[in-house]
Amino acid sequence: MGLTGNIASGKSSVARLLAAHGVRVIDADVLAREAVGPHSPALARIIERWGHDVVGADGALDRAALRALVFEDRSELDALNAIVHPEVRRRRDALLGAARRAGERMVVCDIPLLYEAGLESDVDVVILVDAPQDVRLERLLRDRQLSRAEATAMIAAQMPSARKRARADYVIDNSGSLDALEAHVNEMWSAISARAGVTSA
């Protein structure tokens, strides 16, 4: 299954709720951080393109510095994705292989840019987490201490959620409370489990 949602939609909260049902969640953001770790080939390519100013004193990628360079320029963002995405896919495929060997029938791949990267055909079911854009903007300002310009640029860099809604198998609205979100997730999980012939937890 592919779990996706635009920035600040609450996708991570849904991933945690799904994990509570006992399903393995493979998080693309975690894989991306691992892919650009200190001394990694991907980080070396990033430094080659954008210079040493995107690396902190500890040798780790300075995400804020890199974000400032790429999010306002589509070609630069595409160049970054071309470096990171293949390594993330390799790591995800390895984890999926391990899950299959362990006999796990259902695995959730948490992929923020599932549609942007053209990965929807790689999964059997797509779950989209969504919330109105003004709600997502306020969450970014509140939770990530971004400027309004930075938050707006990050939202604009992704495909509009309306286009994703039309293509998703399940849409979870996350404009309300955590209790409401949990109820939506439980209902969806029961439906997916029944569809797959798996007893839901």
Side-chain angles (χ1 to χ4, degrees), residues 1-33 63 67 71 77 81 84-85 88-89 91-92 95-96 99 104-146 150-196 198 200-201:
M1 290 173 286
L3 174 65
T4 194
N6 282 7
I7 191 166
S9 63
K11 180 178 55 57
S12 295
S13 296
V14 172
R16 286 192 293 271
L17 291 168
L18 288 171
H21 284 275
V23 66
R24 183 194 297 242
V25 177
I26 299 174
D27 188 335
D29 282 341
V30 171
L31 300 184
R33 286 193 290 273
R63 294 177 175 278
R67 184 171 62 238
F71 270 100
L77 182 58
N81 288 338
V84 178
H85 284 178
V88 171
R89 179 189 283 269
R91 290 167 182 260
R92 182 170 58 247
L95 292 173
L96 284 170
E104 297 177 35
R105 292 182 58 191
M106 300 175 71
V107 177
V108 173
C109 294
D110 181 341
I111 308 174
L113 299 178
L114 183 138
Y115 288 110
E116 289 86 345
L119 298 175
E120 63 267 36
S121 62
D122 287 3
V123 297
D124 298 318
V125 171
V126 175
I127 303 163
L128 174 71
V129 186
D130 197 20
Q133 183 169 312
D134 60 334
V135 172
R136 295 189 289 112
L137 177 60
E138 290 307 312
R139 287 173 181 167
L140 282 175
L141 297 176
R142 180 192 68 215
D143 300 335
R144 305 200 190 184
Q145 290 78 52
L146 299 174
E150 287 176 318
T152 300
M154 293 179 79
I155 289 173
Q158 295 183 321
M159 182 187 296
S161 60
R163 290 174 57 191
K164 298 181 180 182
R165 277 178 170 266
R167 297 161 65 179
D169 297 292
Y170 296 91
V171 178
I172 296 177
D173 177 77
N174 186 29
S175 56
S177 67
L178 184 57
D179 286 343
L181 178 64
E182 185 171 5
H184 289 317
V185 170
N186 290 341
E187 181 180 0
M188 178 208 65
W189 184 248
S190 294
I192 291 177
S193 298
R195 175 175 168 178
V198 175
S200 60

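Side chains are part of it too, since the values below use all heavy atoms of this structure and drop only hydrogens, waters and symmetry mates. A quick note: this is a predicted structure, and the numbers were derived from the prediction, not measured.
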Legend entry - Intermediate values then yes/no, side chain to side chain contact (heavy atoms under 4.5 Å, CB included), Leu17 and Trp189: CA-CA 10 Å; Leu17 291 168; Trp189 184 248; over 6 Å; no
Legend entry - Partner set under side-chain contact (heavy atoms from CB on, under 4.5 Å) for Ala19, not counting sequence neighbours: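 Testing Ala19 for side-chain contact (heavy atoms from CB on, under 4.5 Å), a comparison that skips the adjacent residues, returns Val25.
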Inset, instruction - With sequence neighbours left out, write down each residue that passes side-chain contact (heavy atoms from CB on, under 4.5 Å) with Leu95, or none if nothing qualifies. - result: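 Once residues adjacent in sequence are excluded, the partners of Leu95 under the side-chain contact (heavy atoms from CB on, under 4.5 Å) criterion are Ile26, Leu31.
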Legend entry - Salt-bridge present (Arg163, Glu116; N to O < 4.0 Å):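 So Arg163 does not pair with Glu116 through a salt bridge.
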Legend entry - Sidechain N-carboxylate O distance under 4.0 Å for Asp122, Arg89: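 The answer is yes: the pair qualifies as a salt bridge.
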Considering non-hydrogen atoms only, spot the tightest contact between [X] and [Y] and give its length.
X: Pro112; Y: Asp29; answer: CG-OD1, 3.5 Å
X: Gly5; Y: Leu128; answer: CA-CD1, 3.8 Å
X: Leu137; Y: Ala151; answer: CD1-CB, 3.6 Å
X: Phe71; Y: Ala157; answer: CD2-CB, 3.7 Å
X: Ala28; Y: Arg92; answer: CB-NH1, 4.4 Å

Is [X] reaching over with its side chain to a backbone N or O of [Y], donor-acceptor style, under 3.5 angstrom?
X: Asn6; Y: Met159; answer: yes
X: Gln158; Y: Ile7; answer: yes
X: Asn174; Y: Ala131; answer: no

Inset, instruction - Find the distance between CD1 (Ile192) and NE2 (His21) and round it off to the nearest 0.5 Å. - result: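 Here the rounded value is 10.0 Å.
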Legend entry - Sole candidate of Asp27, Leu18, Ile111, Ile172 that passes side-chain contact (heavy atoms from CB on, under 4.5 Å) when paired with Leu3: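 Checked Asp27, Leu18, Ile111, Ile172 against Leu3; only one passes side-chain contact (heavy atoms from CB on, under 4.5 Å): Leu18.
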Inset, instruction - From the options Asp124, Ile127, Asp110, Val107, select the one residue that forms a side-chain contact (heavy atoms from CB on, under 4.5 Å) with Met1. - result: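 Checked Asp124, Ile127, Asp110, Val107 against Met1; only one passes side-chain contact (heavy atoms from CB on, under 4.5 Å): Ile127.
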Inset, instruction - Could you tell me whether the side chain of Leu96 reaches within less than 4.5 Å of the side chain of Cys109, counting heavy atoms only? - result: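 The answer is yes; the side chains approach within 4.5 Å.
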